[in-house]
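Data first, discussion second: the structure below is written as structure tokens.
Whatever order the structure lists them in is the order used to number ligands and atoms, beginning at 1. Sequential numbering from 1 along the given sequence is applied to the chain's residues. Note that the coordinates shown come from a computational prediction; the quantities given were computed from them, not determined experimentally.
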Amino acid sequence: MQTKTLVTRWLPNEVIEKLQTVSRVTMWPEVDQPISREFLLREIEDADAVLSMLTDQIDTICMENAKKLRIIANMAVGYDNIDVREARARGIHISITPDILNETTADLAFGLLLSVARRIPESSVFLRQGKWHSWSPFLLAGQDVFGATLGIVGMGRIGEGVARRARGFAMRILYHNRTRREDVEERLGVSYQTFDELFRLSDFLVVLTPLTSQTHHLIGERELNLMKPTASIINVSRGSVVDEQALYTALFQKKIYGAGLDVFEQEPIAKNHPLLGLDNVVALPHIGSASIATRTRMAMLAAENICAVLTDRNPITPIV
Ligand code: GLV
Ligand code: GLV
């Protein structure tokens with residue numbers, strides 16, 4: 001075949017076979033290890049397409065090395081790992097995998113919310129450590145979810161999924177978004193709040209806004225200070241949307257009740273990171289969209305985007 005596709009992580013055969021209908025494929029063979037920078041820079045040189053992960057920095061140096069690159073197909077809905085300006089300047093398409101992960105990610109967000117509120121992981125550890133000596137009236141007592149106020153920061157399609165779940169828990173649902181979403185307000189009975197009011201009113205604040213230069217540390221000491229001492233924050237977008245140092249302080253000083261974190265400023269997070277030493281933190285290794293079915297669909301969609309571009313069509317799900 002004339003064209004070459006670089007796949008930056010081991011992916012199942014069905015995905016590779018799909019790519020092989022249009023292209024030769026070179027794949028980094030490891031499942032749990034990100035591609036080495038050296039392998040990436042070398043193999044991207046003559047690649048027409050790259051199927052990338054959110055762990056790969058597709059930056060200027062990378063694109064300068066890539067003499068033939070036509071598409072970066074990220075297997076993620078976020079694309080803060082890609083230098084978009086550089087890609088645009090070079091006429092390289094960028095595609096992502098939106099929508100197919102919405103419900104799976106909303107499930108995880110809600111799971112984290114419940115885990116923090118009712119201290120589920122902490123309770124499980126407590127029991128396994130042999131600390132359960134007697135049922136007791138306030139043992140591991142947490143916060144109610146049913147009837148509480150949910151605040152969604154960044155009302156996109158994942159936010160809608162979270163709101164739909166919250167309706168089943170009779171939650172009062174508030175949101176803030178750069179642009180007001182009157183369609184969603186009508187459809188799901190959610191109400192718009194200013195950014196600050198959202199922090200003041202919410203019992204559970206779910207962060208879903210993408211990471212951009214404008215949303216870096218969008219939530220810091222000032223915002224955390226607006227929150228109620230009984231309120232928790234759930235982050236399933238990108239770690240850097242929240243100032244982690246300020247979050248640690250707020251949690252340590254019990255200015256807020258808890259945090260459910262699927263994402264961190266540095267991933268993987270260090271085992272001895274101060275946040276992991278706090279009982280009121282539920283921490284997960286960035287598994288928001290990690291159901292087998294959804295991850296398979298994401299990989300297939302990334303491959304389909306590459307097939308489209310390498311056969312001279314537009315990507316199916318480009319960034320907007
Ligand atoms: C996951 O975080 C994604 O962006 O798909
Ligand atoms: C913040 O909520 C945003 O989406 O801009």
Completion exercise
atom 5 (O) of ligand 1 sits nearest the protein heavy atom Val77 N, 2.8 Å
Problem - Electrostatic pair Arg238:Asp80 at N-O distance under 4.0 angstrom - result: yes
Problem - ligand 1-proximal atoms of Met75, by part, heavy-atom distance under 4.0 Å - result: neither
Practice task
Compute whether any side-chain donor of one residue and acceptor of the other, for Ser237 and Asn235, lie under 3.5 angstrom apart.
Solution key: yes
Fill in the blank from the handout: For Arg238, the atoms of ligand 1 under 4.0 Å from one of its heavy atoms are 1 (C), 2 (O), 3 (C), 4 (O)
Practice task
Give the contacting part of Leu101 toward ligand 1: side chain, backbone, both or neither, where contact means a heavy-atom distance below 4.0 Å.
Solution key: side chain
Practice task
Report yes if the distance between the aromatic ring centroids of Trp132 and Phe126 is under 6.0 Å, otherwise no.
Solution key: no
Completion exercise
Note: ligand 1 atoms sitting under 4.0 Å from heavy atoms of His286 are 1 (C), 2 (O)
Handout entry: salt_bridge(Asp48, Lys4) N-O dist < 4.0 Å
Key = no
Practice task
Indicate yes or no: does an N/O atom of Ser237 lie under 3.5 Å from an N/O atom of ligand 1?
Solution key: no
Handout entry: Under 3.5 Å side-chain donor-acceptor pair for Ser289 and Arg295
Key = yes
Practice task
May I ask you to identify, for Leu54, whether its side chain, its backbone, both or neither come under 4.0 Å of ligand 1 on a heavy-atom basis?
Solution key: side chain
Problem - More than 12 heavy atoms of other groups within 6.0 Å of Lys68 NZ - result: yes
Problem - Plane angle bin for His176 and Phe195 - parallel if under 30°, tilted between 30 and 60°, otherwise perpendicular - result: perpendicular
Problem - Geometric N/O contact Ser289 with ligand 1, under 3.5 angstrom - result: no
Handout entry: Ligand-residue contact atoms, ligand 1 with Gly78, heavy atoms, under 4.0 Å
Key = 3 (C), 4 (O)
